[in-house]
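First the structure, in the form of structure tokens, and then the observations on it.
Below, chains carry the letters A, B, ... as their sequence lines are ordered, and counting in each starts from 1.
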2 protein chains.
Amino acid sequence: MILNLEEHSIKPSMQRIKIMEYLMEHHTHPNVDEIHSALSPQLPTLSKTTVYNTLKLFVCQGAALMLTIDDKNICFDADTSLHAHFLCTECGKVYDLPYKGEMNLLGSEVIDGNLVKEVHQYYRGVCKKCLKNKKNIIN
Amino acid sequence: MILNLEEHSIKPSMQRIKIMEYLMEHHTHPNVDEIHSALSPQLPTLSKTTVYNTLKLFVCQGAALMLTIDDKNICFDADTSLHAHFLCTECGKVYDLPYKGEMNLLGSEVIDGNLVKEVHQYYRGVCKKCLKNKKNIIN
DNA sequence: GTGCTTGCAAATCGTTTGCAATAGC
DNA sequence: GCTATTGCAAACGATTTGCAAGCAC
């Protein structure tokens with residue numbers, strides 16, 4: 001596991017390392033609560049405030065993405081490469097999908113005079129699994 | 001002003017009409033509070049709960065979009081045609097941009113087995129105006 | 001010892017809920 | 001009169017704030 005904290009000028013600490021590790025090992029787009037609960041056994045004194053602070057730091061330094069695809073559940077992704085996200089409105093899970101678009105941000109780009117720094121492509125619908133479950137219930 | 005309430009099986013009421021009118025006349029992507037404040041003079045008893053209920057109804061019936069581009073400020077758009085949104089992280093305004101992408105949802109589409117019902121394209125950065133202001137301050 | 005990091009408790013604020021009042025057919 | 005809609009007040013819950021304690025160089 002290669003952590004990318006120093007690359008993003010983030011001074012490492014036990015909490016920061018564990019949170020980044022968790023994000024890199026679990027591509028489940030966890031929210032603050034899930035990260036906190038998952039790490040509490042290893043770091044019993046870890047506070048939610050620290051998780052909030054750390055994620056904000058990661059996002060500001062470009063080491064993670066904050067996903068706003070679900071208005072009820074802000075979640076995070078350590079994979080900062082260009083890809084799309086899919087929210088299943090049945091089970092609430094967020095999946096990665098390949099990015100399909102014309103914008104291929106390498107650094108920043110200017111559209112119509114506006115400086116674009118970030119691109120997010122969000123899809124919403126019903127995922128494979130939930131579709132299958134629905135069919136099974138009907139049949 | 002042609003309202004599209006009946007088209008979306010929404011029974012009209014004074015509150016619903018005024019809220020839809022506001023959305024169609026102001027393409028500023030207002031949030032609940034802005035809509036409520038703007039309409040209070042005309043509808044003094046309008047409650048925020050009704051604005052919440054009404055917008056939820058509009059979104060469920062496909063008469064408006066809920067934008068989650070700004071995690072601190074959920075906003076709404078009565079223009080449901082396919083277009084992208086740009087959030088200026090300096091002034092907080094949300095602008096419309098032309099949609100650039102391969103997905104051209106006419107109804108629903110299937111990607112990798114998942115049923116996609118909605119596509120959102122979000123850009124974040126610094127808008128024209130704020131860039132100009134920044135330059136003026138520096139010079 | 002100085003400055004950054006962490007963690008607790010309290011405060012904040014957007015949103016939801018429960019329920020009573022009202023309006024429309 | 002029945003049903004849907006509205007509106008108030010209270011509850012809720014995610015996030016932020018203030019500040020004291022802890023850690024690292």
Side-chain angles (χ1 to χ4, degrees), chain A residues 3 5-6 8-22 29-61 63-76 87 89 92 94, chain B residues 3 5-6 8-23 29-61 63-77 87 89 92 94:
Chain A
L3 258 50
L5 295 179
E6 278 95 341
H8 292 98
S9 339
I10 296 166
K11 212 194 290 181
S13 72
M14 185 54 65
Q15 289 85 342
R16 290 172 180 179
I17 291 168
K18 290 289 177 194
I19 292 172
M20 180 52 80
E21 267 180 14
Y22 185 83
H29 313 94
N31 61 21
V32 166
D33 221 65
E34 284 160 356
I35 297 170
H36 180 254
S37 303
L39 295 179
S40 278
Q42 313 170 46
L43 299 172
T45 69
L46 180 68
S47 81
K48 242 182 225 181
T49 306
T50 298
V51 181
Y52 276 107
N53 290 339
T54 303
L55 289 169
K56 183 180 282 180
L57 181 71
F58 287 179
V59 171
C60 288
Q61 299 300 324
L65 294 177
M66 177 177 64
L67 306 183
T68 60
I69 191 170
D70 184 351
D71 63 309
K72 295 285 171 299
N73 186 28
I74 288 173
C75 60
F76 296 86
L87 170 68
T89 52
V94 175
Chain B
L3 257 49
L5 295 179
E6 278 95 342
H8 292 98
S9 342
I10 296 166
K11 213 195 290 182
S13 72
M14 184 54 65
Q15 289 86 340
R16 290 172 180 179
I17 291 167
K18 289 290 177 194
I19 291 171
M20 181 52 81
E21 266 181 16
Y22 185 83
L23 280 176
H29 312 96
N31 61 21
V32 166
D33 220 66
E34 283 159 357
I35 296 169
H36 180 254
S37 303
L39 296 179
S40 278
Q42 314 169 45
L43 299 172
T45 70
L46 179 68
S47 82
K48 240 182 226 179
T49 305
T50 298
V51 181
Y52 277 106
N53 289 340
T54 303
L55 289 169
K56 183 181 283 182
L57 181 70
F58 287 0
V59 171
C60 288
Q61 300 299 325
L65 294 176
M66 177 177 63
L67 306 183
T68 59
I69 190 169
D70 183 351
D71 63 308
K72 295 286 171 298
N73 186 28
I74 288 173
C75 59
F76 296 87
D77 191 351
L87 169 69
T89 53
V94 175

Is B/R16 reaching over with its side chain to a backbone N or O of B/I10, donor-acceptor style, under 3.5 angstrom?
no
Base, sugar-phosphate, or nothing for A/K11, non-hydrogen atoms under 4.0 angstrom?
sugar-phosphate
I'd like to know if the side chain of A/H36 and the backbone of A/L46 have a donor-acceptor N/O pair within less than 3.5 Å.
yes
In this structure, how many angstroms lie between the P atom of C/dC8 and the NE2 atom of A/H36, rounded?
8 Å
Minimum heavy-atom separation for A/G92 to A/L87, with atom names?
O-CD1, 3.4 Å
Below the 4.0 Å mark, does D/dT16 have OP1 or OP2 next to a side-chain nitrogen or oxygen of B/K72?
yes
To the nearest angstrom, the CG-P distance between B/L43 and C/dT22 comes to 17 Å
Could you tell me whether the phosphate oxygens of C/dT5, OP1 or OP2, come under 4.0 Å of any side-chain nitrogen or oxygen in A/S13?
no
Report yes if a side-chain nitrogen or oxygen of A/T49 is closer than 4.0 Å to either non-bridging phosphate oxygen (OP1 or OP2) of C/dG7; otherwise report no.
no
Throw together a table of side-chain donor-acceptor distances under 3.5 angstrom for residues 66-76 of chain A, partners on residues two or more places apart or in other chains.
residue, atom, partner, partner atom, Å
A/T68, OG1, B/T68, O, 2.5
A/T68, OG1, B/R124, NH2, 3.4
A/D70, OD1, A/K72, N, 3.0
A/N73, OD1, A/N31, ND2, 2.7

Closest nucleotide of DNA chain D for B/D71 versus for B/T54: which of these residues is on the 5' side?
B/T54
Ranking D/dT16, C/dT16, D/dT6 by distance to the side chain of B/T50, first place goes to D/dT6
For D/dG7, does OP1 or OP2 lie under 4.0 Å from any side-chain N or O of B/Q15?
yes
Rounded to the nearest Å, what distance is computed from the OH atom of residue A/Y52 to the P atom of nucleotide D/dG18?
17 Å
In whole Å, what is the span from the CD1 atom of A/I74 to the P atom of C/dG14?
14 Å
In whole angstroms, the gap separating C1' of D/dA24 from CE of A/M14 amounts to 13 Å
Whole-Å distance separating the CG atom of B/L57 from the P atom of D/dT6
9 Å
Atom-pair distance (CG on A/L55; P on D/dT15), nearest Å:
10 Å
Calculate the interatomic distance between B/K48 atom NZ and D/dA9 atom P; express it in whole Å.
13 Å
Do A/S40 and A/S37 have side-chain N/O donor and acceptor atoms under 3.5 Å apart?
no
What nucleotide, of C/dT16, D/dG7, C/dT5, holds the atom closest to the side chain of A/R16?
C/dT5
